[in-house]
Trainee: 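Got a structure for you, questions after.
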Amino acid sequence: MANPKYVLEMIKIEGELKELLVKTNAENVAVTYNGKDTTLAAALAEIFTSLTDLPTDADIDSKISAAIDGLIGGAPEAYNTLKEIADYIAEHKDAADALTAAIGGKVDKVDGMGLSANDFTDALKAKLESLPETIAEATTEAAGLMSAEDKTRLDGLRGVRYGAEPPADMKDGELFVRVVGVE
C-alpha cells in the first residue's frame, strides 16, 4: 500500500472552498505499523493483543514482593527495613565507627603479590628477612630443618624407613612409609 503524502480536506467547487467529510471503516484505512503496510483494523488488533500480554497488577505486586524478600534476605523483623537498620546504626555509633574504620584501614590486594606491606608487623617482616635463603639438611652434628638432637633421635629409630620404593635390605618388623609426590 502506498503512503499518501497529501489528504484531501477541502475542495473548491464553483469558486468556493467546501470541507470534505470522508467516511470509512477500519478495514479500508491503510496504515504502516511495525514497519509493514496493513489495515487499521489489523494494526489495532495487534496492539490490543500486545496489551493483553502485559503483566497484571497482581504480577507486578508479586515481582515487587519477591524483590523485597530477596533484599531482606531473611533478616529478623526488627531489622528488615532500611529505616530500622539506620536506627540501629545510629544507636550503636561506636560499633559502626569501629567497623567503618576497620573497613577503611583494610589493605587492597596488589596484583602479583600475595601479601602487601601492611599484612604483618615490621618485626615479623624483619624476622622473615633474617632467615637464610636455604636451610641445610639436619645432621647429628648440625641443625637444619630440625635440631641435631631430633635428627639423632630419628636416626636411632631403626623400625621405620621411608622413601619412594621399599629398600631391598628391609628386615622383618621394620615399617616402611612410601613417600609420594602430591600434585
Trainee: Using the rule side chain to side chain contact (heavy atoms under 4.5 Å, CB included), only one of Leu44, Thr38, Thr39 pairs with Val31; which is it?
Mentor: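 Testing each of Leu44, Thr38, Thr39 against Val31, the sole residue satisfying side chain to side chain contact (heavy atoms under 4.5 Å, CB included) is Thr38.
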
Trainee: How close do Thr32 and Asp37 get, counting heavy atoms only, and between which atoms?
Mentor: OG1-OD1, 2.8 Å

Trainee: Would you call Leu40 and Tyr33 a side-chain contact if the rule is heavy atoms closer than 4.5 Å?
Mentor: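 Counting from C-beta outward, Leu40 and Tyr33 never come under 4.5 Å.
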
Trainee: To the nearest 0.5 Å, what is the distance between CD1 (Ile64) and CG (Asp59)?
Mentor: 11.0 Å

Trainee: Which salt bridge (Lys or Arg N to Asp or Glu O under 4.0 Å) pairs, counting each pair once, include a residue from residues 73-89, with sequence neighbours left out?
Mentor: Lys83-Asp87

Trainee: Does Tyr88 have any side chain to side chain contact (heavy atoms under 4.5 Å, CB included) partners at least two apart in sequence or in another chain, and if so, which?
Mentor: Tyr79, His92

Trainee: Who pairs with Lys93 by side chain to side chain contact (heavy atoms under 4.5 Å, CB included), at least two apart in sequence or on another chain?
Mentor: Asp97

Trainee: Of Thr52, Leu51, Thr56, which is the lone residue that meets side chain to side chain contact (heavy atoms under 4.5 Å, CB included) with Leu54?
Mentor: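 Passing option: Leu51.
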
Trainee: Using a 3.5 Å cut-off and no angle test, enumerate the donor-acceptor pairs between side-chain atoms of residues 68-75 and protein atoms at least two apart in sequence or in another chain.
Mentor:
none

Trainee: Is Ser65 reaching over with its side chain to a backbone N or O of Asp61, donor-acceptor style, under 3.5 angstrom?
Mentor: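 It does hold such a pair.
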
Trainee: Check side chain to side chain contact (heavy atoms under 4.5 Å, CB included) between Ile103 and all other residues, then give those that pass, not counting sequence neighbours.
Mentor: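 Side chain to side chain contact (heavy atoms under 4.5 Å, CB included) check on Ile103 returns Leu99.
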
Trainee: Side chain to side chain contact (heavy atoms under 4.5 Å, CB included) with Asp57: which residues, sequence neighbours excluded?
Mentor: none

